[in-house]
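Position 1 is the first residue of the sequence, and the numbers go up from there. What you see is a predicted model; the values in this text were computed from it and never measured.
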Amino acid sequence: MHIQLSDGCLVYANKRGTGLPTLFLHGGPGYWSGSFEQLAGPILEKTRTMIYLDQRGCGRSQHAPSSTYRYDRLITDMEEVRRFFGFHKWSVFGHSFGGLLAFLYALQYPNRVDSLILCNTTLYMAESLTYQLKYGSNLLGKTVNPPTQTSLLVKHFQDTIIQLREAGNWERIQFQHTAHAKRLEQADDRPDNQSDHRFQQAFLHSDLFAIDYRKRTTEFVKPVLILAGKHDHAIGPHHYQRFSFPNQQIALLDCGHHPYAEDVASFYKDIEQFSSVKL
């Protein structure tokens, strides 16, 4: 279904399942929730009421003015979606860039968040892109000294991604075993998966791009599950080690960036254990 937000933008939010209300936030920036809903939903929905939200401008949601592609507006969107469904509070589950959004929402609305699940999440985008640039350049047989200036870093990163795709090596950033990429490609191959390319550009060039939010993890005291892929070269396999949530649980998965398409058994097991144990 689509929900009309206070500024008139229509966002897609699908409610499915029974149990703990849980908002899922996709990554990208500029991806969608459809593939996660297809691959992870059937099991998660047995114990959770899942809300699969396509952020404004992404997937099945309406494209919006580029001036609204901002962190503060996305956080407001999430809160408006919560109020629409009538949840007093919910768990927030973020994957990749979506984990950063989940954390920023939790900082602003701590009384509305029951718990966080951060799956292969970056809380410092500049560091993750720098890691990915270095790793991708190595796959191309190149040595690179990443620039510190945001605009130059983003340009080098995007140029490297193009070269990796041309060389057939892009999947090696995202997956431990590239055969798993087919599952995600099939789930993403839908006519309604129509993200606005301006969305990604807005967030890659945002002032918040260079802020290390790991320094603020001590401020959120409710339970946090950190799911980290041992072979996640999109975020960096050790990025999570500087998270310092007072009530965190860390689960290492034998996968790359998309555990719901790779290390499926461990992914579900760790979430179920987190759900059943009060930290």
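- Cluster annotation: Y12 and F97 are assigned to distinct hydrophobic clusters (Ile/Leu/Val/Met/Phe/Trp/Tyr, side-chain heavy-atom contacts under 4.5 Å, transitive).
- Checked against the 6.0 Å centroid criterion, the rings of Y260 and Y268 do not qualify as a close aromatic pair.
- Listed for the Q4 side chain is no donor-acceptor partner under 3.5 Å among the backbone atoms of L10.
- A 6.0 Å sphere centred on NZ of K222 holds more than 12 heavy atoms belonging to other residues, nucleotides or ligands.
- Distance OG/S195 to CD/Q200: 9.5 Å, rounded to 0.5 Å.
- Counting only N and O atoms by type, the side chains of H257 and S96 include a donor and acceptor under 3.5 Å apart.
- For the pair L139 and I173, the minimum side-chain heavy-atom distance is below 4.5 Å.
- Side-chain contact, T18 with E45: no donor N or O sits under 3.5 Å from an acceptor N or O.
- Applying the 6.0 Å contact sphere to CZ of R190 captures more than 12 heavy atoms from other residues, nucleotides or ligands.
- The heavy-atom pair separating L123 from H239 by the smallest distance is N-NE2, 3.0 Å.
- When every heavy atom of G59 is checked against every heavy atom of N193, the shortest pair comes out as CA-OD1, 4.0 Å.
- Contact annotation: the side chain of Q201 approaches that of Q158 to within less than 4.5 Å [non-hydrogen atoms, C-beta and beyond].
- One hydrophobic cluster holds both V81 and L74 under the rule that ILVMFWY side chains link at heavy-atom gaps under 4.5 Å.
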Verify side chain to side chain contact (heavy atoms under 4.5 Å, CB included) between Y240 and L252, making sure each step is shown before the conclusion. CA-CA 10 Å; Y240 74 93; L252 299 180; 3.3 Å; yes
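- Scanning for salt bridge (Lys or Arg N to Asp or Glu O under 4.0 Å) contacts around E79 gives R82, R83, with sequence neighbours left out.
- Taking the six-membered ring for Trp and the full ring otherwise, F36 and F93 have centroids separated by under 6.0 Å.
- Taking hydrophobic clusters as Ile, Leu, Val, Met, Phe, Trp and Tyr residues chained together by side-chain heavy-atom distances below 4.5 Å, L101 shares a cluster with L5.
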Criterion ring pair (Phe, Tyr, Trp, His ring centres under 6.0 Å) on H95 and H258, from CA distance to verdict: CA-CA 9 Å; H95 175 246; H258 301 275; 5.3 Å; yes
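- Taking CG of D232 as the start and CD of E262 as the end, the distance is 8.5 Å to the nearest 0.5 Å.
- Counting heavy atoms from C-beta outward, V264 and R183 have side chains that approach closer than 4.5 Å.
- Taking the charged nitrogens against the carboxylate oxygens, E171 and K182 have no contact shorter than 4.0 Å, which rules out a salt bridge.
- Contact check for I117 versus V92: no side-chain heavy atoms found under the 4.5 Å cut-off.
- Annotation: the span from L204 atom CG to L129 atom CG amounts to 6.0 Å, rounded to 0.5 Å.
- With a 4.5 Å cut-off on side-chain heavy atoms, D270 and L253 count as touching.
- Here R112 pairs with H88 under the side-chain hydrogen bond (donor to acceptor under 3.5 Å, both in side chains) rule; sequence neighbours left out.
- A distance-only check finds no donor-acceptor pair linking the side chain of T68 to the backbone of A64 [under 3.5 Å].
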Step by step, would you call T47 with E272 a side-chain hydrogen bond (donor to acceptor under 3.5 Å, both in side chains)? CA-CA 9 Å; T47 56; E272 183 178 353; over 6 Å; no
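- Proximity of a side-chain donor or acceptor of T130 to a complementary backbone N or O of A126 within less than 3.5 Å is detected.
- In terms of heavy-atom proximity, T49 sits nearest to G17 at OG1-O, 3.6 Å.
- Ion pairing between a basic and an acidic side chain is recognised when a charged N comes within 4.0 Å of a carboxylate O; D196 and R198 show such pairing.
- Taking CD1 of I161 as the reference point, atom CD of E166 lies at 11.5 Å (rounded to 0.5 Å).
- Within 6.0 Å of CG in D207 there are 12 or fewer heavy atoms belonging to other residues, nucleotides or ligands.
- When all heavy atoms are compared, the tightest approach of I235 to T121 is CG2-O, 3.6 Å.
- Distance alone, capped at 3.5 Å, places no donor-acceptor pair between the S61 side chain and the G57 backbone.
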For the pair F103 and F245, evaluate ring pair (Phe, Tyr, Trp, His ring centres under 6.0 Å) and give the outcome as yes or no after the intermediate values. CA-CA 11 Å; F103 179 52; F245 295 99; 5.5 Å; yes
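- Looking at every heavy atom in both residues, S244 comes nearest to T217 through N-OG1, 2.8 Å.
- With hydrogens and angles left out, the side-chain atoms of Q176 and K230 include no donor and acceptor closer than 3.5 Å.
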Worked verdict on Y213 versus L104 for side chain to side chain contact (heavy atoms under 4.5 Å, CB included): CA-CA 9 Å; Y213 282 100; L104 294 177; 3.6 Å; yes
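- Y135 and H233 have their aromatic ring centers within a separation under 6.0 angstrom.
- The minimum heavy-atom distance linking P147 with L153 is given by the pair CG-N, 3.6 Å.
- The hydrophobic cluster containing L184 also contains L44, counting ILVMFWY residues as joined when their side-chain heavy atoms lie under 4.5 angstrom apart, directly or transitively.
- The shortest side-chain heavy-atom distance between L208 and M125 does not fall under the 4.5 Å cut-off.
- In this structure, OG1 on T160 lies 13.0 Å from NZ on K134, to the nearest 0.5 angstrom.
- Using a 4.0 Å cut-off between charged nitrogen and carboxylate oxygen, D77 and R56 count as a salt-bridge pair.
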Determine all donor-acceptor pairs shorter than 3.5 Å in which one atom belongs to a side chain in residues 21-35; sequence neighbours excluded.
| unit_1 | atom_1 | unit_2 | atom_2 | d |
| --- | --- | --- | --- | --- |
| T22 | OG1 | L20 | O | 3.1 |
| T22 | OG1 | R48 | NH1 | 2.8 |
| H26 | NE2 | Q55 | N | 3.1 |
| Y31 | OH | S35 | OG | 3.0 |
| Y31 | OH | D188 | OD1 | 2.9 |
| Y31 | OH | D188 | OD2 | 2.6 |
| W32 | NE1 | D188 | OD1 | 2.8 |
| S33 | OG | D54 | OD1 | 2.6 |
| S33 | OG | R60 | NH2 | 3.0 |
| S35 | OG | D188 | OD1 | 3.2 |

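- Put simply, CD on E185 and NE2 on H180 are 13.0 Å apart, with the number rounded to the nearest 0.5 Å.
- The side-chain heavy atoms of M50 and Y52, taken from C-beta on, include a pair separated by under 4.5 Å.
- A side-chain donor from one of S115 and S91 sits under 3.5 Å from a side-chain acceptor of the other.
- Counting heavy atoms from C-beta outward, V11 and H2 have side chains that stay 4.5 Å or more apart.
- By the rule that hydrophobic residues join a cluster once side-chain heavy atoms approach within less than 4.5 Å of another member, F87 and M1 end up as members of one cluster.
- No donor-acceptor distance shorter than 3.5 angstrom exists from the side chain of Y131 to the backbone of H238, with no hydrogens or angles considered.
- For F209 and F203, the ring centers are positioned 6.0 Å apart or more.
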Applying side chain to side chain contact (heavy atoms under 4.5 Å, CB included) to E127 and D212, what does each step give before you reach the verdict? CA-CA 8 Å; E127 180 182 275; D212 185 355; 5.7 Å; no
